[in-house]
Visitor: 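Have a look at this one.
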There are 2 protein chains.
Amino acid sequence: MAYRETPRMRARKEATRQRILDTTQSLVASGGFGAASVARVAEESGVAIGSVYRHFESKSDLFAEVFRHATEVEVKRVGEALNTTGPADEALAKALEVFARRAIRSPTMAWALIAEPVDPLVDEERLRYRQAYAELFEQTLVRGIREGCFRPDQNPKLSSAATVGAIAEALVGPLSPAADGLDREKADQLIHDVVRLCLQAVRAPGGQQQ
Amino acid sequence: MAYRETPRMRARKEATRQRILDTTQSLVASGGFGAASVARVAEESGVAIGSVYRHFESKSDLFAEVFRHATEVEVKRVGEALNTTGPADEALAKALEVFARRAIRSPTMAWALIAEPVDPLVDEERLRYRQAYAELFEQTLVRGIREGCFRPDQNPKLSSAATVGAIAEALVGPLSPAADGLDREKADQLIHDVVRLCLQAVRAPGGQQQ
DNA sequence: ACAATGATTGAATAACAATTCAGTTCTTAC
DNA sequence: GTAAGAACTGAATTGTTATTCAATCATTGT
């Protein structure tokens, strides 16, 4: 008898697979999903085109996995920021700052995750991603309404979606200053302003103003 | 001698050109720019593919013209709403309502104008479009700050971009309720909520709450 | 060493859309 | 009616990418 899959081989395949994922993620980060052709992914991963298909059913499959991984990281970070014992408005401010800071640091990745058109398989992941955000923000909005620091007469789902849109457009959109030509100080000012804007939008009238 | 361009012919050509523009616009309205292939445009306009190129340099050229026309209408409507003599906050509320109402009525067109990726030539138009909005909103924000109804310590450009993003995401984004399955009452409620959210974001603390 | 089997390769294929252009039809002026 | 020239046609061309697969290479157990 002959070839049997050994741990060594399994590990090597796993490593190649991971390398393809990493390469794809970095291509997406620098030019969006549109910049990640299978040929490019293969070349930068140091494998043949055909080998990509040995590790992933299709390009969409590969993209979906990259998307899922990237968004899990984002949602986790925002979720951590929300999980404080302090007042809801402080938690929300912290979370929005995390969201905004990450978006401004990797604007192309932010665009790819939030707005770049992708095929249906990847779009499913995006829906999950947005729902994850919506749920996180919604929980905190609801908590803040109970605590009295957020307006009670708002639709938390709507506020949550609008908040994501506001940050995305202000920091990543075509009118935003090119994130590259932005020194630390300017970036901080921008993040501070947009977070305050978003917070004020949901805050209860008469609450403390920062 | 022979063929000379007559008024009749000029009018006919103009009509065909216009028909192509109209067809394209309606294809964009129902499926975005992605749904408007040259073949489809030609077929629905009742001309051959080649004829499209007789009237427009390229597909991008055609798209750019459709984009420009569609956005001129939008910007004009919003500009009219802002041009009132009343207080700046009322003017802004009216304008945001117009913007939101039109977006929710034609969500696909709104997406195409605001977020769908397009080639560079069309993207230039989009930049102009966004700048037009930014300037309109900015003027009114600045006026409102002078009048005391908007926070003075905000960046009007940023607020303006964030406002467009908030409305777009809340009403047109993937988390928004399908605009089709939305009765008049629900739509009105949604528009009302998002306009109030946006207004509160820029309003001066202590100003009257609606 | 070697047979068996899986992994890898990349040129060929497939699918799709924009653009071209040689041939045809239409319009005009006489 | 007809000739000149423009307008129109749509099949063929071009360009781009995802996907396949026959051939080659690598790993394993004996």
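Chain A is the first sequence line, chain B the second, and so forth, proteins listed ahead of strands; every chain is numbered from 1.
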Visitor: Without decimals, in angstroms, what is the distance between B:R12 CZ and C:dT27 C1'?
Guide: 8 Å
Visitor: Round to the nearest Å and state the distance from A:K13 atom NZ to C:dG6 atom C1'.
Guide: 8 Å
Visitor: So which one's nearest nucleotide on DNA chain D is more toward 5', A:K59 or B:H55?
Guide: B:H55
Visitor: Nearest-Å distance, CZ (B:R10) to P (C:dT27)?
Guide: 16 Å
Visitor: With the side chain of B:S51 defined as its heavy atoms from C-beta on, choose the nearest nucleotide among C:dT28, D:dT9, D:dT28.
Guide: D:dT9
Visitor: Please report the distance, rounded to the nearest Å, between CG in B:L62 and P in C:dT19.
Guide: 10 Å
Visitor: Do the ring planes of B:F33 and B:F67 sit parallel (below 30°), tilted (30 to 60°) or perpendicular (above 60°)?
Guide: parallel
Visitor: I need the A:I114 CD1 to A:Y133 OH distance, nearest 0.5 Å.
Guide: 7.0 Å
Visitor: Please determine, by modelled atom types, if B:S159 and B:Q154 share a side-chain donor-acceptor pair under 3.5 angstrom.
Guide: yes
Visitor: Can you check the A:D61 CG to D:dT19 P distance for me, whole Å?
Guide: 10 Å
Visitor: Looking at CZ of B:R101 and CG of B:L96, how far apart are the two atoms once the value is rounded to the nearest 0.5 Å?
Guide: 12.5 Å
Visitor: Any idea which of C:dT20, D:dA18, D:dA7 is nearest the B:Y53 side chain?
Guide: C:dT20
Visitor: I want to confirm an ordering. Mapping B:M9 and B:S60 to their closest nucleotides on DNA chain C, which one lands closer to the 5' end?
Guide: B:S60
Visitor: Can you check the B:E14 CD to D:dA6 C1' distance for me, whole Å?
Guide: 17 Å
Visitor: Is the phosphate of C:dT28, meaning OP1 or OP2, less than 4.0 Å from a side-chain N or O of B:R8?
Guide: yes
Visitor: Just the rounded figure in Å: distance from P of D:dA18 to CD of A:E57.
Guide: 16 Å
Visitor: Hey, is the side chain of B:R4 poking within less than 4.0 Å of OP1 or OP2 on C:dT28, counting only N and O atoms?
Guide: no
Visitor: Taking for each residue the nucleotide of DNA chain D with the nearest heavy atom, is it A:S37 or A:G50 whose nucleotide lies nearer the 5' end?
Guide: A:S37
Visitor: What nucleotide, of D:dT19, C:dT20, D:dT9, holds the atom closest to the side chain of B:I49?
Guide: C:dT20
Visitor: Distance check needed: D:dT9 P versus B:I20 CD1, whole Å only.
Guide: 9 Å
Visitor: Hydrogens and angles aside, do B:Q200 and A:R151 bring a side-chain donor and acceptor to less than 3.5 Å of each other?
Guide: yes
Visitor: Between A:T16 and B:T6, which residue's closest nucleotide on DNA chain C lies nearer the 5′ terminus?
Guide: A:T16
